[in-house]
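Below: the structure, in C-alpha coordinates.
Proteins come first, then strands; the chains are lettered A, B, ... in the order of their sequence lines, and each starts at number 1.
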Amino acid sequence: MPTPANLDRTLLALADPTRRSILHSLTKGEARVTDLAEPIKMSLNAVSKHIRVLERARLVRRRRAGREHLLSLNPEPMEAAARWMAQQRAYWTARLAALDALLTAEDQAENVPHKKGDTR
Amino acid sequence: MSTPKTVTVRVTHRFIASPERVFDAWLDPAKASKFLFTTPTGQMVKVEIDPQVGGHFAIVDRRDGEDVAHTGEYLEIDRPRRLVFTFGVPKYSSLMTTVTIDIVPLESGCELTLTHEGVPPEYEQPNISGWTRILEGLAANL
(Lines give C-alpha, C1' and ligand atoms only; values in the text may rest on other atoms or scores of the structure.)
Protein backbone atom coordinates (compact mmCIF):
# COMPACT_ATOMS: atom_id res chain seq x y z
CA MET A 1 0.00 0.00 0.00
CA PRO A 2 1.69 3.22 -1.08
CA THR A 3 1.81 5.77 1.70
CA PRO A 4 3.33 9.19 1.10
CA ALA A 5 6.16 9.80 3.53
CA ASN A 6 4.87 13.25 4.39
CA LEU A 7 1.34 12.01 5.05
CA ASP A 8 1.93 12.08 8.82
CA ARG A 9 2.47 15.82 8.80
CA THR A 10 -0.61 16.41 6.70
CA LEU A 11 -2.79 14.22 8.92
CA LEU A 12 -1.47 15.65 12.16
CA ALA A 13 -1.93 19.18 10.86
CA LEU A 14 -5.51 18.40 9.88
CA ALA A 15 -6.30 16.60 13.13
CA ASP A 16 -7.06 19.85 14.95
CA PRO A 17 -10.35 21.78 14.61
CA THR A 18 -8.67 25.18 14.95
CA ARG A 19 -6.29 24.43 12.13
CA ARG A 20 -9.14 23.13 9.98
CA SER A 21 -10.98 26.35 10.71
CA ILE A 22 -7.93 28.37 9.64
CA LEU A 23 -7.74 26.40 6.39
CA HIS A 24 -11.43 27.00 5.87
CA SER A 25 -10.89 30.76 6.20
CA LEU A 26 -8.06 30.56 3.68
CA THR A 27 -10.32 28.93 1.08
CA LYS A 28 -11.77 32.44 0.67
CA GLY A 29 -8.39 33.84 -0.31
CA GLU A 30 -5.17 35.25 1.13
CA ALA A 31 -5.25 36.52 4.70
CA ARG A 32 -3.06 38.06 7.36
CA VAL A 33 -2.51 36.35 10.72
CA THR A 34 -4.69 39.02 12.35
CA ASP A 35 -7.53 38.26 9.90
CA LEU A 36 -7.31 34.61 10.84
CA ALA A 37 -7.14 35.22 14.59
CA GLU A 38 -10.25 37.39 14.74
CA PRO A 39 -13.07 34.91 13.91
CA ILE A 40 -11.67 32.18 16.17
CA LYS A 41 -11.09 34.55 19.10
CA MET A 42 -7.56 33.43 19.74
CA SER A 43 -4.37 35.27 20.60
CA LEU A 44 -2.02 36.05 17.73
CA ASN A 45 0.60 33.92 19.41
CA ALA A 46 -1.69 30.88 19.59
CA VAL A 47 -2.82 31.31 16.00
CA SER A 48 0.79 31.71 14.83
CA LYS A 49 1.65 28.36 16.39
CA HIS A 50 -1.16 26.67 14.49
CA ILE A 51 -0.08 28.39 11.29
CA ARG A 52 3.47 27.13 11.73
CA VAL A 53 2.15 23.55 11.95
CA LEU A 54 0.16 24.15 8.76
CA GLU A 55 3.22 25.63 7.04
CA ARG A 56 5.37 22.66 8.00
CA ALA A 57 2.71 20.42 6.46
CA ARG A 58 2.83 22.65 3.36
CA LEU A 59 -0.90 23.27 3.67
CA VAL A 60 -0.28 26.99 4.09
CA ARG A 61 2.08 29.22 2.12
CA ARG A 62 3.42 32.57 3.27
CA ARG A 63 4.47 35.53 1.15
CA ARG A 64 5.61 39.01 2.04
CA ALA A 65 3.92 42.10 0.72
CA GLY A 66 5.79 45.05 2.13
CA ARG A 67 5.56 44.76 5.92
CA GLU A 68 2.74 42.26 5.76
CA HIS A 69 2.83 38.51 5.72
CA LEU A 70 0.08 37.05 3.57
CA LEU A 71 -0.98 33.47 4.03
CA SER A 72 -2.63 31.29 1.42
CA LEU A 73 -3.90 27.76 1.09
CA ASN A 74 -1.96 25.05 -0.71
CA PRO A 75 -4.37 22.21 -1.47
CA GLU A 76 -1.78 19.78 -2.84
CA PRO A 77 -1.00 17.81 0.39
CA MET A 78 -4.74 17.61 1.05
CA GLU A 79 -5.35 16.12 -2.35
CA ALA A 80 -2.50 13.66 -1.80
CA ALA A 81 -4.15 12.60 1.48
CA ALA A 82 -7.48 12.20 -0.32
CA ARG A 83 -5.85 10.03 -2.97
CA TRP A 84 -4.25 7.97 -0.23
CA MET A 85 -7.63 7.41 1.42
CA ALA A 86 -9.17 6.31 -1.86
CA GLN A 87 -6.28 3.89 -2.23
CA GLN A 88 -6.91 2.56 1.29
CA ARG A 89 -10.51 1.83 0.44
CA ALA A 90 -9.59 0.14 -2.83
CA TYR A 91 -6.92 -1.82 -0.98
CA TRP A 92 -9.26 -3.23 1.67
CA THR A 93 -11.98 -3.95 -0.89
CA ALA A 94 -9.43 -6.01 -2.83
CA ARG A 95 -8.21 -7.79 0.33
CA LEU A 96 -11.74 -8.85 1.29
CA ALA A 97 -12.39 -10.05 -2.26
CA ALA A 98 -9.14 -12.07 -2.03
CA LEU A 99 -10.29 -13.61 1.27
CA ASP A 100 -13.63 -14.49 -0.31
CA ALA A 101 -11.85 -16.10 -3.29
CA LEU A 102 -9.64 -18.07 -0.89
CA LEU A 103 -12.59 -19.46 1.09
CA THR A 104 -14.55 -20.12 -2.09
CA ALA A 105 -11.60 -22.09 -3.51
CA GLU A 106 -11.54 -24.19 -0.32
CA ASP A 107 -15.23 -24.94 -0.74
CA GLN A 108 -14.68 -25.90 -4.36
CA ALA A 109 -11.93 -28.28 -3.33
CA GLU A 110 -14.43 -29.92 -0.98
CA ASN A 111 -17.16 -29.88 -3.64
CA VAL A 112 -19.41 -27.76 -1.49
CA PRO A 113 -21.94 -25.81 -3.54
CA HIS A 114 -21.28 -22.11 -3.21
CA LYS A 115 -21.67 -18.74 -4.71
CA LYS A 116 -19.42 -15.77 -4.27
CA GLY A 117 -20.17 -13.04 -1.79
CA ASP A 118 -20.09 -9.39 -2.68
CA THR A 119 -18.46 -6.21 -1.46
CA ARG A 120 -20.53 -3.14 -0.90
CA MET B 1 -4.54 20.48 21.43
CA SER B 2 -7.82 18.61 21.14
CA THR B 3 -8.09 14.90 20.53
CA PRO B 4 -7.48 14.19 16.86
CA LYS B 5 -10.67 13.34 15.09
CA THR B 6 -10.13 10.82 12.38
CA VAL B 7 -12.11 9.77 9.42
CA THR B 8 -12.71 6.14 8.97
CA VAL B 9 -12.33 3.92 5.96
CA ARG B 10 -15.13 1.37 6.08
CA VAL B 11 -15.67 -1.58 3.76
CA THR B 12 -18.37 -4.25 4.05
CA HIS B 13 -18.33 -7.65 2.42
CA ARG B 14 -20.80 -10.55 2.56
CA PHE B 15 -19.38 -14.02 2.73
CA ILE B 16 -21.04 -17.35 2.07
CA ALA B 17 -18.58 -18.91 4.55
CA SER B 18 -19.39 -19.15 8.26
CA PRO B 19 -18.31 -16.40 10.69
CA GLU B 20 -15.78 -18.82 12.23
CA ARG B 21 -14.07 -19.57 8.92
CA VAL B 22 -13.94 -15.90 7.96
CA PHE B 23 -12.64 -14.92 11.40
CA ASP B 24 -9.99 -17.64 11.58
CA ALA B 25 -8.53 -16.66 8.22
CA TRP B 26 -7.25 -13.40 9.76
CA LEU B 27 -5.17 -15.22 12.38
CA ASP B 28 -4.05 -18.20 10.30
CA PRO B 29 -0.57 -17.47 8.83
CA ALA B 30 -1.14 -19.75 5.82
CA LYS B 31 -4.38 -17.99 4.89
CA ALA B 32 -3.29 -14.49 5.92
CA SER B 33 -0.26 -14.81 3.63
CA LYS B 34 -2.66 -15.29 0.72
CA PHE B 35 -5.01 -12.38 1.25
CA LEU B 36 -3.87 -9.99 3.97
CA PHE B 37 -1.33 -7.27 3.20
CA THR B 38 -0.50 -8.89 -0.12
CA THR B 39 -0.45 -7.42 -3.58
CA PRO B 40 -1.09 -9.44 -6.75
CA THR B 41 2.51 -8.95 -7.88
CA GLY B 42 4.07 -9.16 -4.42
CA GLN B 43 5.75 -12.21 -2.96
CA MET B 44 5.21 -13.15 0.70
CA VAL B 45 8.52 -13.26 2.53
CA LYS B 46 7.51 -13.71 6.17
CA VAL B 47 4.30 -14.16 8.14
CA GLU B 48 4.47 -14.14 11.92
CA ILE B 49 1.25 -14.09 13.91
CA ASP B 50 0.97 -14.28 17.68
CA PRO B 51 -2.83 -14.55 17.96
CA GLN B 52 -3.44 -13.29 21.48
CA VAL B 53 -4.38 -9.95 22.96
CA GLY B 54 -1.12 -8.01 23.23
CA GLY B 55 0.48 -10.33 20.67
CA HIS B 56 2.13 -8.91 17.56
CA PHE B 57 2.15 -9.75 13.90
CA ALA B 58 4.63 -9.08 11.14
CA ILE B 59 3.81 -9.70 7.52
CA VAL B 60 6.57 -8.99 5.00
CA ASP B 61 5.78 -8.73 1.32
CA ARG B 62 8.41 -8.34 -1.45
CA ARG B 63 7.39 -5.89 -4.15
CA ASP B 64 9.71 -5.22 -7.05
CA GLY B 65 12.62 -6.54 -5.02
CA GLU B 66 11.73 -4.36 -2.06
CA ASP B 67 10.59 -5.82 1.27
CA VAL B 68 7.61 -4.07 2.85
CA ALA B 69 6.74 -4.99 6.45
CA HIS B 70 3.26 -4.61 7.87
CA THR B 71 3.29 -4.78 11.64
CA GLY B 72 0.83 -4.40 14.46
CA GLU B 73 -0.60 -5.65 17.72
CA TYR B 74 -3.85 -7.45 18.52
CA LEU B 75 -6.01 -5.37 20.85
CA GLU B 76 -9.17 -7.46 20.91
CA ILE B 77 -9.84 -11.06 19.86
CA ASP B 78 -13.44 -12.15 20.26
CA ARG B 79 -13.95 -15.15 17.98
CA PRO B 80 -15.94 -15.12 15.71
CA ARG B 81 -17.41 -11.67 16.18
CA ARG B 82 -14.70 -9.10 16.53
CA LEU B 83 -11.01 -8.59 15.90
CA VAL B 84 -9.16 -5.34 16.57
CA PHE B 85 -5.52 -4.74 15.74
CA THR B 86 -3.18 -1.84 15.23
CA PHE B 87 -1.45 -1.70 11.92
CA GLY B 88 1.35 0.26 10.37
CA VAL B 89 3.89 0.22 7.60
CA PRO B 90 7.00 1.51 9.43
CA LYS B 91 8.87 1.90 6.15
CA TYR B 92 6.44 4.53 4.88
CA SER B 93 4.96 6.10 7.98
CA SER B 94 5.34 6.17 11.74
CA LEU B 95 1.58 6.45 11.99
CA MET B 96 -0.12 3.47 13.61
CA THR B 97 -3.75 3.00 12.64
CA THR B 98 -6.43 0.70 14.00
CA VAL B 99 -8.32 -1.94 12.06
CA THR B 100 -11.55 -3.35 13.48
CA ILE B 101 -13.20 -6.41 11.97
CA ASP B 102 -16.84 -6.94 12.93
CA ILE B 103 -18.54 -10.11 11.76
CA VAL B 104 -22.31 -10.53 11.91
CA PRO B 105 -23.75 -13.98 11.21
CA LEU B 106 -26.39 -14.13 8.49
CA GLU B 107 -28.90 -16.88 7.76
CA SER B 108 -26.32 -18.17 5.35
CA GLY B 109 -22.77 -16.97 5.76
CA CYS B 110 -21.90 -13.66 7.36
CA GLU B 111 -21.29 -9.98 6.82
CA LEU B 112 -17.89 -8.51 7.63
CA THR B 113 -17.37 -4.81 8.22
CA LEU B 114 -13.80 -3.59 8.21
CA THR B 115 -13.17 -0.22 9.83
CA HIS B 116 -9.78 1.42 9.41
CA GLU B 117 -9.36 4.40 11.71
CA GLY B 118 -6.54 6.85 11.89
CA VAL B 119 -6.78 8.36 8.44
CA PRO B 120 -7.45 12.04 7.68
CA PRO B 121 -9.88 13.98 9.86
CA GLU B 122 -13.21 14.80 8.41
CA TYR B 123 -14.31 18.25 7.57
CA GLU B 124 -17.91 18.95 8.45
CA GLN B 125 -18.50 22.57 7.57
CA PRO B 126 -20.25 23.49 4.36
CA ASN B 127 -17.87 25.11 1.91
CA ILE B 128 -17.26 25.83 -1.69
CA SER B 129 -13.64 25.10 -2.40
CA GLY B 130 -12.35 22.09 -4.28
CA TRP B 131 -10.24 20.43 -1.66
CA THR B 132 -12.91 20.64 1.02
CA ARG B 133 -15.33 19.04 -1.43
CA ILE B 134 -12.83 16.23 -1.82
CA LEU B 135 -12.85 15.74 1.93
CA GLU B 136 -16.62 15.84 2.15
CA GLY B 137 -16.85 13.30 -0.62
CA LEU B 138 -14.48 11.07 1.28
CA ALA B 139 -16.38 11.42 4.55
CA ALA B 140 -19.62 10.54 2.78
CA ASN B 141 -18.09 7.54 1.04
CA LEU B 142 -16.03 6.02 3.75
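Counting non-hydrogen atoms of other residues, nucleotides and ligands closer than 6.0 Å to CD of E38(A) gives a total of 12 or fewer.
Interface remark: L103(A) contributes backbone and side-chain atoms alike to the contact with chain B (heavy atom separation under 4.5 Å). For K31(B), the parts sitting under 4.5 Å from any heavy atom of chain A are the backbone and the side chain alike. At a 4.5 Å heavy-atom cutoff, the contact between V99(B) and chain A is made by side-chain atoms alone.
T97(B) places a side-chain N or O within donor-acceptor distance of the main-chain N or O of F87(B), the cut-off being under 3.5 Å.
Your options are L99(A), T18(A), L102(A), L96(A), and the one with the most heavy-atom pairs under 4.5 Å with chain B is L99(A).
For the pair K28(A) and D35(A), the salt-bridge criterion is not met [side-chain N within less than 4.0 Å of a carboxylate O].
A distance of 8.0 Å separates CG of L112(B) from OG1 of T12(B), quoted to the nearest 0.5 Å.
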